[in-house]
Amino acid sequence: MRLAYDPSHYRDNTNLKDTIDAVARLGYEYVELSPRKDFIWFYEYPKVDRQLIKDLKRYCLDAGVKISSVLPVQQWSSPNEEERQAAVRNWKRCIEITSDLGVDLMNSEFAGDKSRPVESEGAFVKSMEELMPLFEKEGINLNLQSHPNDFIELNTEAIRMIRAFDKEWMKLVYSVAHAFFYDDGIGDVEKHLEEAGSLLAHVLIADTLNHKAAFGLRYIVNPPNANVTIHQHLNPGEGEINFEALYRKLREMKFDGIVTNSVFAYPDKPEWSNEVTLKSIREGLNIKEGLNI
């Protein structure tokens, strides 16, 4: 098992070197390189040159941190063909960067337009047909997650989409903070993991509230019935996820993939947040205190 940290708490006010140093200081051997403006940002062409790649490799070496995965988010499932083509161009560059970093794993989201699911699926398949040869050429694996407001939100549908490509190198990311979107407000984490089975390769740890509970008032949005999609990435124990069941199921499955601290809610106190979340992960998965994995 690899225990990793998503440094989104540091992306807006900390440079790349200091971010990598913070990951090491917080107790992690692995970092999930999530979107940040000075590297690969949401929906944009990567702002990366050879020198920055060289610098990042040095920062990681000096800090004793390895990159577990690179996480770009692009609109590769957009029904708008011009937008889809731009996303594929961006993806190609992201794959090149990942290869140059010596990393063999990327993870991402389905994206697309949930109000146009069939068209979005067609766009996604078209994009994958263009990108799969490059993934295979570079020897890079891909883990995918459904995300609130993507054209795929349900856990079952994400699994089916991944199976449709039938690639050994394509697996599932399970984001705990999205559990109530994965089954429309039930949040049955044990069932989700069981459905995924051998496709499960990556688990993102964070808590959230059930947006369907309390007559839909766990989160209050004004005006009522506004067309928004809302969730949160909280410390375990602050929301309504059944973490006891989650950890128990992962132990039963003898899960041996990547587990990432994916809490984003506390950029003003990231060290405290990490202390709470890392303690939950270590205790829940029986990882010895002080052991970097």
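Treat the numbers as computed from the prediction; the structure is a model and nothing was measured. Throughout, numbering of the chain's residues begins at 1 and tracks the sequence.
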Taking the side chain as every heavy atom from C-beta outward, state whether [X] and [Y] have any pair of such atoms under 4.5 Å apart.
| X | Y | result |
| --- | --- | --- |
| Asp55 | Lys17 | no |
| Met1 | Val259 | yes |
| Lys269 | His9 | no |
| Glu44 | Gln74 | no |
| Met128 | Leu142 | yes |
| Ser77 | Ser127 | no |
| Pro236 | Ile241 | no |
| Val65 | Asp21 | no |

Quick one, Val276 with Ser280, criterion side chain to side chain contact (heavy atoms under 4.5 Å, CB included). Give me CA distance, side-chain angles, the key distance, then yes/no. CA-CA 6 Å; Val276 174; Ser280 171; 5.9 Å; no
Counting only heavy atoms from other residues, nucleotides and ligands, does the tally under 6.0 Å from CG of Asp166 exceed 12?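 It does not: Asp166 CG has 12 such atoms or fewer within range.
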Heavy-atom neighbours of Asp268 CG exceed 12 at 6.0 Å: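 Correct, the count exceeds 12.
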Work out which heavy atom in [X] is nearest to a heavy atom in [Y]; give both atom names and the distance.
| X | Y | answer |
| --- | --- | --- |
| Pro270 | Pro267 | CD-O, 3.4 Å |
| Leu52 | Lys47 | CD2-O, 3.8 Å |
| Pro46 | Ile40 | CB-CG1, 3.9 Å |

Short side-chain donor-acceptor distance under 3.5 Å, [Y] and [X]:
| X | Y | result |
| --- | --- | --- |
| Glu153 | His178 | no |
| Ser120 | Asp113 | no |
| Asn210 | Glu240 | no |
| His147 | Ser175 | no |
| Asn80 | Ser78 | no |
| Thr260 | Asp6 | no |
| Arg36 | Thr19 | yes |
| Tyr28 | Asn274 | yes |

In one Ile/Leu/Val/Met/Phe/Trp/Tyr side-chain cluster, 4.5 Å: [X], [Y]:
| X | Y | result |
| --- | --- | --- |
| Ile205 | Tyr10 | yes |
| Leu101 | Trp41 | no |
| Phe39 | Leu105 | no |
| Leu3 | Met253 | yes |
| Ile230 | Leu154 | no |

About how many Å separate [atom2] of [Y] and [atom1] of [X], when rounded to the nearest 0.5 Å?
| X | Y | atom1 | atom2 | result |
| --- | --- | --- | --- | --- |
| Asn107 | Leu71 | CG | CG | 4.0 Å |
| Glu157 | Phe110 | CD | CZ | 10.0 Å |
| Ile20 | Lys66 | CD1 | NZ | 14.0 Å |
| Glu195 | Arg160 | CD | CZ | 8.5 Å |
| Leu250 | Phe255 | CG | CZ | 6.5 Å |
| Gln145 | Leu204 | CD | CG | 5.5 Å |

Apply the side chain to side chain contact (heavy atoms under 4.5 Å, CB included) test between [X] and each candidate in [options]; give the one that qualifies.
| X | options | value |
| --- | --- | --- |
| Ser108 | Leu144, Asn143, Val173 | Leu144 |
| Val189 | Val203, Asn155, Asp183, Leu246 | Leu246 |
| Gln85 | Glu82, Glu81, Glu83 | Glu81 |

Is any NZ, NE, NH1 or NH2 atom of the basic residue among [X] and [Y] found under 4.0 Å from an Asp or Glu carboxylate oxygen of the other?
| X | Y | answer |
| --- | --- | --- |
| Glu275 | Lys279 | no |
| Glu130 | Arg84 | yes |
| Arg93 | Glu96 | yes |
| Lys212 | Asp184 | yes |

Given the rule in the ring-ring contact (aromatic ring centres under 6.0 Å, His included) test, do Phe181 and His211 qualify, once you have shown the distances and angles that lead to the verdict? CA-CA 8 Å; Phe181 284 91; His211 61 289; 3.8 Å; yes
Just by distance, do the side chain of [X] and the backbone of [Y] share a donor-acceptor pair under 3.5 Å?
| X | Y | answer |
| --- | --- | --- |
| Glu238 | Asn235 | yes |
| Trp76 | Glu109 | yes |
| Asp104 | Ile140 | no |
| Lys57 | Asp100 | yes |
| Arg251 | Gly284 | yes |
| Gln75 | Gly112 | yes |
| Ser99 | Ile95 | no |
| Glu271 | Leu26 | no |

Pair [X] and [Y], ring centroids less than 6.0 Å apart:
| X | Y | result |
| --- | --- | --- |
| Phe124 | Phe165 | yes |
| His192 | Tyr174 | yes |
| Trp91 | Tyr45 | no |

Assess whether side chain to side chain contact (heavy atoms under 4.5 Å, CB included) is satisfied between His233 and Thr208, documenting all intermediate values. CA-CA 6 Å; His233 287 237; Thr208 194; over 6 Å; no
For the pair Val263 and Tyr5, evaluate side chain to side chain contact (heavy atoms under 4.5 Å, CB included) and give the outcome as yes or no after the intermediate values. CA-CA 9 Å; Val263 177; Tyr5 185 73; over 6 Å; no
Between Glu136 and Lys167, does a salt bridge (Lys or Arg N to Asp or Glu O under 4.0 Å) hold up when you go through it step by step? CA-CA 10 Å; Glu136 292 176 342; Lys167 297 292 185 181; 3.2 Å; yes
Applying side chain to side chain contact (heavy atoms under 4.5 Å, CB included), run through His202 and Leu172 and close with a yes or a no. CA-CA 7 Å; His202 195 161; Leu172 179 76; over 6 Å; no
